[in-house]
Amino acid sequence: MAGNRLVLVINSGSSSLKYQLVEPDSGEAQASGHIERIGEDASSVPDHDAALRRAFEELARDGIDLRTCGLVAVGHRVVHGGNEFYRPTLMDDARIAALEKLSELAPLHNPPALKGIEVARTLLPDVPHVAVFDTAFFHDMPPAAATYAIDRQVAERWQIRRYGFHGTSHRYVSEQAAAFLDRPAGGLKQIVLHLGNGSSASAIAGTRPIDTSMGLTPLEGLVMGTRSGDIDPSIVSYLWHRADMGVDDVETMLNERSGVLGLSGERDFRRLREMIESGDGAAQLAYSVFIHRLRKYIGAYLAVLGHTDVISFTAGIGENDPAVRRDAVAGLEELGIVLDQRRNLSGGRGARQISADGSPIVVLVIPTNEELAIARDCIGALGA
Ligand code: AMP
């Protein structure tokens with residue numbers, strides 16, 4: 001494999017670590033893996049150090065020696081960049097310390113990523129390690145969309161704003177949509193619907209996002225696999241007063257036991273579909289709530305953009321579930337969205353159009369590829 005230029009992309013979650021060895025020029029993935037249940041009782045992977053060592057063993061088993069394969073960088077997905085970090089950033093001790101401070105803003109998400117960076121720097125000390133932030137794409141959102149209408153001084157003191165997440169995916173998909181249509185991204189107005197375990201929507205004018213559904217944390221917005229998305233914030237204090245639930249209990253409930261799972265007992269859309277088909281009322285309600293919220297955001301972003309050229313569906317559900325795509329835009333012909341039902345059902349792997357010819361708004365399915373986008377960002381940051 002000598003001669004290839006490769007980037008190892010690492011995505012460290014609290015109990016899992018995903019890695020992919022990517023050739024940024026061709027976009028080809030040379031190897032990938034997913035190590036789960038880190039730190040769980042019955043697991044053979046006690047911590048992130050062991051997980052990364054496991055990943056390297058797996059790569060070695062595939063015949064890949066990271067010292068000789070042409071590795072030029074390690075790219076780390078970091079969820080929250082706060083106000084400070086929005087460009088792909090070469091990690092050194094000072095920046096890691098600055099990122100550690102930011103963990104307060106994203107206690108659920110940033111610590112495992114930082115752990116991943118720390119361990120990877122020890123194991124691969126001779127290559128640059130670059131952090132790529134999920135919030136980056138939304139850094140320059142217009143103030144009207146980025147600002148919460150709360151006491152301004154409190155917001156400033158505690159850096160409370162709408163940051164937005166899944167930015168790497170929203171940017172990549174909007175670029176791919178423009179490429180698919182063979183039009184410059186700068187001239188397009190787009191809505192991107194990233195529907196996976198976590199879900200978010202964005203409105204993009206040219207290359208600039210002008211709104212997105214996630215906020216200070218990835219809890220706001222659409223209904224997700226286990227997250228509530230938008231709620232009345234008074235629910236938190238109500239439960240605190242009336243149900244004797246601590247703030248942490250409520251936060252855990254909203255992040256881990258809400259959304260589609262909280263309503264139906266199931267978070268996976270394939271299984272949810274089976275439950276609906278077998279007449280499960282709770283599954284049907286969960287699906288209806290998910291679709292209702294999604295349609296509200298589509299309507300909102302049509303209004304925010306004024307004119308929309310293209311709507312793209314992406315991520316696990318968006319790429320694979322034709323019923324969700326159908327129900328998300330059903331009856332919106334008067335707003336310019338005309339789906340071709342046969343195209344929508346026909347499946348396929350790559351980027352594809354699912355709107356009818358002549359639909360004023362083009363509807364696409366665009367597979368996301370966050371690892372490739374991160375790998376290319378690393379190369380860009382290094383000027384390589
Ligand atoms: P992601 O977070 O992008 O990996 O998306 C994961 C989610 O996509 C899973 O939890 C499933 O609910 C959903 N998903 C994956 N494949 C399918 C499929 N063939 N049909 C419906 N939903 C799917």
Side-chain angles (χ1 to χ4, degrees), residues 9-20 29 32-36 77 79 108-109 112-113 134 165-174 176 192-202 212-214 217-219 221-229 255-278 280 282-291 293-294 312-329 341 343-352 354 364-374:
V9 178
I10 297 177
N11 183 353
S12 284
S14 54
S15 65
S16 73
L17 183 146
K18 282 190 242 174
Y19 65 90
Q20 197 174 105
S32 64
H34 190 182
I35 292 150
E36 289 178 296
R77 176 186 180 218
V79 170
L108 300 175
H109 300 279
D134 242 32
F165 298 86
H166 291 146
T168 306
S169 177
H170 285 278
R171 182 173 54 112
Y172 177 82
V173 168
S174 61
Q176 292 298 115
V192 175
L193 304 168
H194 177 112
L195 309 176
N197 281 326
S199 293
S200 60
S202 66
T212 194
S213 59
M214 286 176 164
T217 76
L219 183 54
L222 300 175
V223 174
M224 312 182 210
T226 65
R227 286 173 246 166
S228 62
N255 275 291
E256 296 175 13
R257 301 196 310 279
S258 296
V260 172
L261 174 80
L263 291 175
S264 72
E266 176 58 53
R267 63 189 265 181
D268 190 294
F269 266 63
R270 287 160 288 200
R271 193 53 209 116
L272 191 74
R273 177 73 47 205
E274 290 167 15
M275 289 162 71
I276 292 170
E277 278 162 11
S278 71
D280 187 317
Q284 179 60 58
L285 177 64
Y287 182 74
S288 303
V289 173
F290 173 89
I291 293 291
R293 180 81 51 84
L294 180 58
S312 298
F313 286 89
T314 194
I317 300 166
E319 291 167 33
N320 297 302
D321 194 330
V324 165
R325 297 192 298 255
R326 177 198 65 207
D327 296 339
V329 298
Q341 301 300 343
R343 284 180 185 160
N344 183 41
L345 280 174
S346 70
R349 297 260 90 215
R352 55 200 187 272
I354 58 168
L364 304 176
V365 176
I366 304 277
T368 194
N369 191 339
E370 290 169 279
E371 288 77 12
L372 175 59
I374 290 172

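Everything numeric here is computed off the predicted structure, so don't read it as measured data. Whatever order the structure lists them in is the order used to number ligands and atoms, beginning at 1.
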>> Tell me the closest heavy-atom pair linking Thr226 and Asn255, and the distance in Å.
In response: OG1-O, 2.7 Å
>> List the residues meeting side-chain hydrogen bond (donor to acceptor under 3.5 Å, both in side chains) with Arg270, not counting sequence neighbours, and say none if there are none.
In response: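 Only Asp268 meet the side-chain hydrogen bond (donor to acceptor under 3.5 Å, both in side chains) criterion with Arg270.
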>> Test of understanding: with side-chain hydrogen bond (donor to acceptor under 3.5 Å, both in side chains), list the residues that count as partners of Gln20, not counting sequence neighbours.
In response: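 Checked Gln20 against side-chain hydrogen bond (donor to acceptor under 3.5 Å, both in side chains); zero matches.
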> With sequence neighbours excluded, what pairs up with Arg352 under the salt bridge (charged side-chain N to carboxylate O under 4.0 Å, His left out) test?
Replying inline: none
> Distance from Arg326 atom CZ to Asn344 atom CG, nearest 0.5 Å?
Replying inline: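 If I round to the nearest 0.5 Å, the distance is 8.0 Å.
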> Which parts of the protein, at residue level, reach under 4.0 Å of ligand 1 through a heavy atom?
Replying inline: Gly196, Asn197, Asp268, Phe269, Arg270, Ala315, Gly316, Ile317, Asn320, Asp321
> Without hydrogens or angle criteria, can the side chains of Ser288 and Gln284 be said to hold a donor-acceptor pair below 3.5 Å?
Replying inline: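 Side-chain D/A pair, Ser288 to Gln284: present.
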